[in-house]
*Asks:* 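The structure follows.
Keep in mind the model is a prediction, meaning the values are calculated, not measured. By convention in this document, chain letters (A, B, ...) are assigned in the order of the sequence lines, proteins followed by strands, and residues within each chain are numbered from 1.
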Protein chains: 2
Amino acid sequence: MSQTIKVLLAEDQSMVREALAALLGLEDDIEVVAQVARGDEVLAAAREHAVDVALLDIEMPGATGIEAAALLHTELPAVKLVILTTFGRPGYLRSAMESGADAFLVKDAPAAKLAEAVRKVLAGERVIDPTLAAAALADGANPLTDREREVLRAAEGGSTNAELAAALHLSQGTVRNYLSTAIQKLAVRNRAEAARLAREKGWL
Amino acid sequence: MSQTIKVLLAEDQSMVREALAALLGLEDDIEVVAQVARGDEVLAAAREHAVDVALLDIEMPGATGIEAAALLHTELPAVKLVILTTFGRPGYLRSAMESGADAFLVKDAPAAKLAEAVRKVLAGERVIDPTLAAAALADGANPLTDREREVLRAAEGGSTNAELAAALHLSQGTVRNYLSTAIQKLAVRNRAEAARLAREKGWL
DNA sequence: CTCGTCGTATGACATCTGTCATCCGGCACT
DNA sequence: AGTGCCGGATGACAGATGTCATACGACGAG
């Protein structure tokens with residue numbers, strides 16, 4: 001009785017994207033009507049093909065799946081949003097939910113969960129892994145300020161304080177202060193550990 | 001006239017693995033007869049199902065796809081080996097080839113390349129991306145010694161020299177010496193950059 | 001209007017990191 | 001027998017990093 005569900009697939013790795021499309025193509029009530037490889041192509045494609053559900057990977061060039069979700073949520077609020085990601089990072093789940101996502105799946109869940117999630121969000125349900133939800137709640141919100149995040153992100157690659165200062169238009173001392181407070185907030189002992197932990201939590 | 005090609009799929013992310021299986025299932029001359037999620041389950045499965053081609057992801061628990069390839073190459077030399085990876089790292093390509101792989105594909109290649117590669121390796125051809133091959137040759141071999149690699153790998157997470165020394169049963173000074181020589185060999189300015197570069201090249 | 005927080009900055013200090021010279025034993029190649 | 005590399009170690013030194021106290025203007029919550 002119902003129409004087939006029109007799905008948009010956003011994922012940058014062609015092989016994975018096309019494989020997921022093949023997988024969803026096996027379901028007779030689901031049709032993948034659009035595929036994009038970049039976050040900044042999501043909105044136009046969703047609009048053009050009048051999709052019911054957008055399936056968004058997080059790590060993408062152009063814009064992240066989370067950013068794309070936020071945009072879709074305000075521009076096309078009827079579109080249901082499923083975030084699909086390699087990394088089950090608590091911070092990702094949190095920001096996905098804040099940007100209006102209806103489902104959050106990790107790629108190491110069984111493939112059957114995917115079609116299931118598509119149907120559930122369309123029925124108005126939300127789909128999230130309870131373990132991950134618990135982790136996200138236990139961690140609390142991202143404790144870093146905007147600047148601390150920026151500096152930490154820039155410091156990940158191993159740049160020196162002088163380079164960071166130049167790149168961010170700050171004094172060297174200020175860079176050190178930000179890194180120092182970030183290190184304390186995260187309860188670690190140096191910038192590398194701070195970066196690792198923040199990355200792992202999905203806070204960068 | 002020929003039988004269907006029996007393929008083993010090794011990939012840890014269920015959703016991706018099953019999606020790839022769906023993709024290959026669309027080809028009538030190819031049949032996925034076995035799926036595993038760990039590197040150390042590859043050999044047994046390949047043996048049990050008498051597969052023609054093994055499709056191996058690199059990043060897997062238990063053993064990497066490269067290690068699995070090396071094992072298959074000596075134990076079941078008739079099995080053709082296709083390495084499939086997210087990261088087109090020159091060092092990965094080099095070690096894949098050294099361990100007897102017949103094809104090396106990155107996941108952001110078009111999906112059609114996958115079935116194509118399976119058929120080609122079975123016909124005795126080798127399949128590698130020319131750009132990546134050039135990069136691998138240009139980079140030369142891994143310049144790091146075993147110990148340098150170990151120390152660098154351990155240092156990635158941000159551990160201090162004292163922790164590294166304890167973990168590796170070395171003196172602090174020796175740890176610093178290894179890191180120092182690694183830093184010089186890689187022509188970078190600190191351990192973080194050294195780790196980043198070595199990781200990117202596939203040398204860790 | 002005041003308090004707290006953020007962004008920014010400085011200076012002083014202690015510790016960690018990276019470099020260098022030098023040493024030893026083992027092992028492979030010539 | 002000698003040369004060179006690897007694993008391992010020490011000590012000294014310079015420079016980078018992390019901590020702390022302190023300061024100021026902007027801004028939002030109360």
Side-chain angles (χ1 to χ4, degrees), chain A residues 91 94-95 98 139-204, chain B residues 91 94-95 98 139-204:
Chain A
R94 183 175 289 265
S95 22
E98 283 169 3
D139 281 349
N142 187 336
L144 304 173
T145 69
D146 285 0
R147 279 317 235 173
E148 284 159 5
R149 240 192 331 276
E150 278 180 63
V151 177
L152 200 50
R153 212 182 301 129
E156 268 189 300
S159 307
T160 83
N161 284 332
E163 288 166 338
L164 295 174
L168 300 167
H169 309 295
L170 291 173
S171 85
Q172 269 191 59
T174 304
V175 168
R176 279 153 76 196
N177 288 153
Y178 285 149
L179 288 172
S180 181
T181 59
I183 287 165
Q184 290 178 270
K185 284 181 179 177
L186 300 176
V188 292
R189 283 190 320 302
N190 55 51
R191 57 182 71 192
E193 281 190 346
R196 202 180 54 50
L197 181 60
R199 183 56 74 192
E200 181 187 309
K201 294 286 191 182
W203 286 341
L204 285 190
Chain B
R94 183 175 290 264
S95 21
E98 283 168 4
D139 282 347
N142 188 336
L144 304 174
T145 69
D146 285 0
R147 281 316 239 174
E148 284 159 6
R149 242 197 325 280
E150 279 180 63
V151 177
L152 200 50
R153 213 181 301 128
E156 267 189 301
S159 307
T160 89
N161 284 332
E163 288 166 338
L164 295 175
L168 300 167
H169 309 294
L170 291 172
S171 85
Q172 270 190 58
T174 304
V175 168
R176 284 165 55 207
N177 288 152
Y178 285 147
L179 287 173
S180 182
T181 59
I183 287 164
Q184 289 178 272
K185 283 180 179 176
L186 299 175
V188 293
R189 285 191 318 303
N190 55 51
R191 59 183 70 193
E193 280 188 349
R196 203 178 55 48
L197 181 60
R199 183 56 73 189
E200 180 187 310
K201 295 286 190 184
W203 285 340
L204 285 192

*Asks:* Return no unless some side-chain N or O of A:Arg147 is found under 4.0 Å from OP1 or OP2 of C:dC6.
*Replies:*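 No.
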*Asks:* In Å, rounded to the nearest 0.5 Å, how long is the span from CG of B:Leu152 to NZ of B:Lys185?
*Replies:*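 If we round to the nearest 0.5 Å, B:Leu152:CG and B:Lys185:NZ are 11.0 Å apart.
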*Asks:* Nearest nucleotide by nearest heavy atom, which residue falls closer to the 5' end of DNA chain D, A:Ala162 or B:Tyr178?
*Replies:* B:Tyr178
*Asks:* Given C:dT17, is OP1 or OP2 found less than 4.0 Å from the side-chain N or O atoms of B:Gln172?
*Replies:*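 Answer no for this pair, as no side-chain N or O of B:Gln172 is under 4.0 Å from OP1 or OP2.
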*Asks:* With respect to the phosphate group of C:dT19, does any side-chain polar atom (N or O) of B:Ser180 fall under 4.0 Å of OP1 or OP2?
*Replies:*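 Checking B:Ser180 against C:dT19: at least one side-chain N or O falls below 4.0 Å of OP1 or OP2.
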*Asks:* Between B:Arg196 and B:Glu193, does any NZ, NE, NH1 or NH2 come within less than 4.0 Å of an OD or OE carboxylate oxygen?
*Replies:* no
*Asks:* For DNA chain D, note the earliest and the latest nucleotide, 5' to 3', having some atom under 4.0 Å of a heavy atom belonging to chain A.
*Replies:*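 Listed 5' to 3', the contact boundaries are D:dT17 to D:dC20.
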*Asks:* When all nucleic acid strands are considered with a 4.0 Å heavy-atom cut-off, which category describes B:Asn190: base, sugar-phosphate, or nothing?
*Replies:*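 Contact class for B:Asn190: sugar-phosphate only.
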*Asks:* Restricting to side chain to side chain donor-acceptor pair (under 3.5 Å), what partner residues turn up for A:Glu98, sequence neighbours left out?
*Replies:*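 So A:Glu98 forms no side chain to side chain donor-acceptor pair (under 3.5 Å) with any residue.
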*Asks:* If I take atom CG in residue A:Leu144 and atom C1' in nucleotide C:dT5, what distance separates them, rounded to the nearest angstrom?
*Replies:*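 It is 15 Å, rounded to the nearest whole Å.
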*Asks:* Could you give the CG-to-C1' distance, from A:Asn161 to C:dT10, as a whole number of Å?
*Replies:* 15 Å
*Asks:* State, to the nearest 10°, the angle formed by the axis through the first five base pairs of the helix from C:dC1-D:dG30 to C:dT30-D:dA1 and the axis through its last five.
*Replies:* 40°
*Asks:* Counting the atoms with a prime plus P, OP1 and OP2 as sugar-phosphate, which does B:Thr174 contact under 4.0 Å by heavy atoms, base, sugar-phosphate, or nothing?
*Replies:* base
*Asks:* Keeping the roles fixed (side chain from A:Asn161, backbone from A:Gln172), state whether a donor-acceptor pair exists under 3.5 Å.
*Replies:*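 No: the side chain of A:Asn161 does not pair with the backbone of A:Gln172.
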*Asks:* Do A:Leu144 and A:Lys201 make a side-chain contact, defined as non-hydrogen atoms from C-beta onward lying under 4.5 Å apart?
*Replies:*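 Sidechains of A:Lys201 and A:Leu144: no contact.
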